[in-house]
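Numbered from 1 within each chain, the chains take letters A, B, ... in sequence-line order.
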Amino acid sequence: MVSQVQEKLKNFEILPFQKELIQWYKQEKRNLPWRKDQDPYKVWVSEIMLQQTRVDTVIPYFNQFIHKFPTIDALANADEEDVLKAWEGLGYYSRVRNLQSAVKEVKENYGGIVPNDPDEISKLKGVGPYTKGAILSIAYNIPEPAVDGNVMRVISRILTIWEDIAKPKTRKIFEESIYQLISQEDPSSFNQALMELGATICTPTSPSCLLCPVREHCAAFHEGVQKELPVKSKKKKPKAVQMAAAVLYDQEGNLYIHKRASTGLLANLWEFPNSEVQTTSPTLQSIREQLTYSLEEEYGVTVQLSELSGTIQHIFSHLIWNISVYFGKVEAAPNLQRVTVAELERYAFPVSHQKIYKLFMARD
DNA sequence: GAGACGTGGCT
DNA sequence: TAGCCAAGTCT
């Protein structure tokens, strides 16, 4: 495959391509908050936030995050609670736990300076091949490829690469291509230009080829196959899971919440006590009975739950939660965290449990 | 290497 | 609507 790329690059006008692409980028680039300077820390934070996440979603999170944690030192010294709270609603929460862990590593072992060595930076938690290349090129102007979904889409069209970009090994083909194509003078602009082009012109479904600054270099455009590329195999459907959750409250209006495990789904976030339930159980227990039993077993809480108060659906990338929600008045719940409504806003909740809380607040 | 890991927006 | 997507990484 790599030799195929070499073949395609034989008659490719690399220098004009670089020049036209970079010139377009410098003229048309969006004014984004992480482009105000080249601070490696801010570049790093932005790259982690942007993983699998839209620019428009990231902008307000980035601004608030940098306001709260302006430096490596600030983030290294912060409480994880506060860090997760700043990430609340962004998803893929291990990203920020890894980021804080890596920042501590940089503070302790690299004197607070983000390493500019490919092997050293790769050792940091949460820094994979893409983020490595992005930080090295954008913050340090080192000619390393930063191959994300945009770059695979753009390059697959430019060079008509028909490999399935959903396969992990395919990324290497694009990295090889970029090593050949990347500007040695301005790798930062080159890499960002490729991503910018993918985000604004060379889009997935209907690319605006007539506006493209490098369409004359694009094999897919010349062959009229830009909409057939890139090739990407389909992912399978998320699996539905039946859940039940209880909003427990007491006489004083306190609520009782639980901190999730430190690994796996939504790690270290807070939630209302809940349980997965069987809807196909041979004993045919009702969901409410299963939840009552589970509250007793898991949290030692004995409670008379309300009738079904509502249902929430929450769709993750790999599963679907259908949550039956109940309310319950308790005297106390020793194994759960008691909080006032005012205190609740200091705890980070996944969106699914924010929905549950809204249901509770809307009760009459 | 396939699956886990979130969320909200778009077609 | 159901599916796909958006600047991936870890296990």
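Comparing C:dA6 with C:dC10, their P atoms sit 23 Å apart, to the nearest whole Å. Comparing the P positions of C:dC4 and B:dG3 gives a spacing of 15 Å, expressed to the nearest Å. The P atoms of B:dG8 and C:dT9 are separated by 22 Å, rounded to the nearest whole Å.
The aromatic ring centres of A:Tyr249 and A:Phe360 sit less than 6.0 Å apart.
Across the protein-nucleic acid pair, A:Asp164 atom CG and C:dC4 atom P stand 13 Å apart, rounded to whole Å. The separation between A:Leu124 atom CG and C:dT9 atom P is 12 Å, rounded to whole Å. Atom pair A:Arg171:CZ and B:dA2:P shows a separation of 15 Å (rounding to whole Å applied). Atom CE of A:Met49 is separated from atom C1' of C:dT9 by 17 Å (rounded to the nearest Å). The distance between atom NZ of A:Lys234 and atom C1' of C:dG3, rounded to the nearest whole Å, is 9 Å.
A:Leu210 forms part of no hydrophobic cluster, judged by ILVMFWY side-chain heavy-atom separations under 4.5 Å.
Each of A:Lys125 and A:Ile138 was matched to the nucleotide of DNA chain C holding its nearest heavy atom; the match closer to the 5' end belongs to A:Ile138.
Phosphate contact (OP1/OP2 of C:dG3, side-chain N/O of A:Lys237, threshold under 4.0 Å): present. In this structure, A:Lys232 reaches the C:dC5 phosphate: one of its side-chain N or O atoms is under 4.0 Å from OP1 or OP2. The phosphate of C:dC4 (OP1 or OP2) has no side-chain N or O of A:Lys235 nearer than 4.0 angstrom.
Comment: A:Glu108 does not engage A:Lys104 in a salt bridge, judged by the lack of any side-chain N to carboxylate O separation of less than 4.0 angstrom.
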Query raised in the report: Tell me, for nucleotides 3-9 of chain B in 5' to 3' order, what letter each nucleotide earns: B for a base near a protein heavy atom under 4.0 Å, S for only sugar-phosphate near one, - for neither?
Result: -SBBBB-
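Under the 3.5 Å distance criterion, with hydrogens and angles disregarded, a donor-acceptor pair is assigned to the side chains of A:Arg95 and A:Thr53. At a cut-off of 3.5 Å, with distance as the only test, no side-chain donor of A:Thr340 or A:Glu252 sits close to an acceptor on the other residue.
Judged purely by atom type and a 3.5 angstrom limit, A:Arg157 has no side-chain atom pairing as donor or acceptor with the backbone of A:Cys218.
For A:Tyr299, the ring-ring contact (aromatic ring centres under 6.0 Å, His included) partners at least two apart in sequence or on another chain are A:His258.
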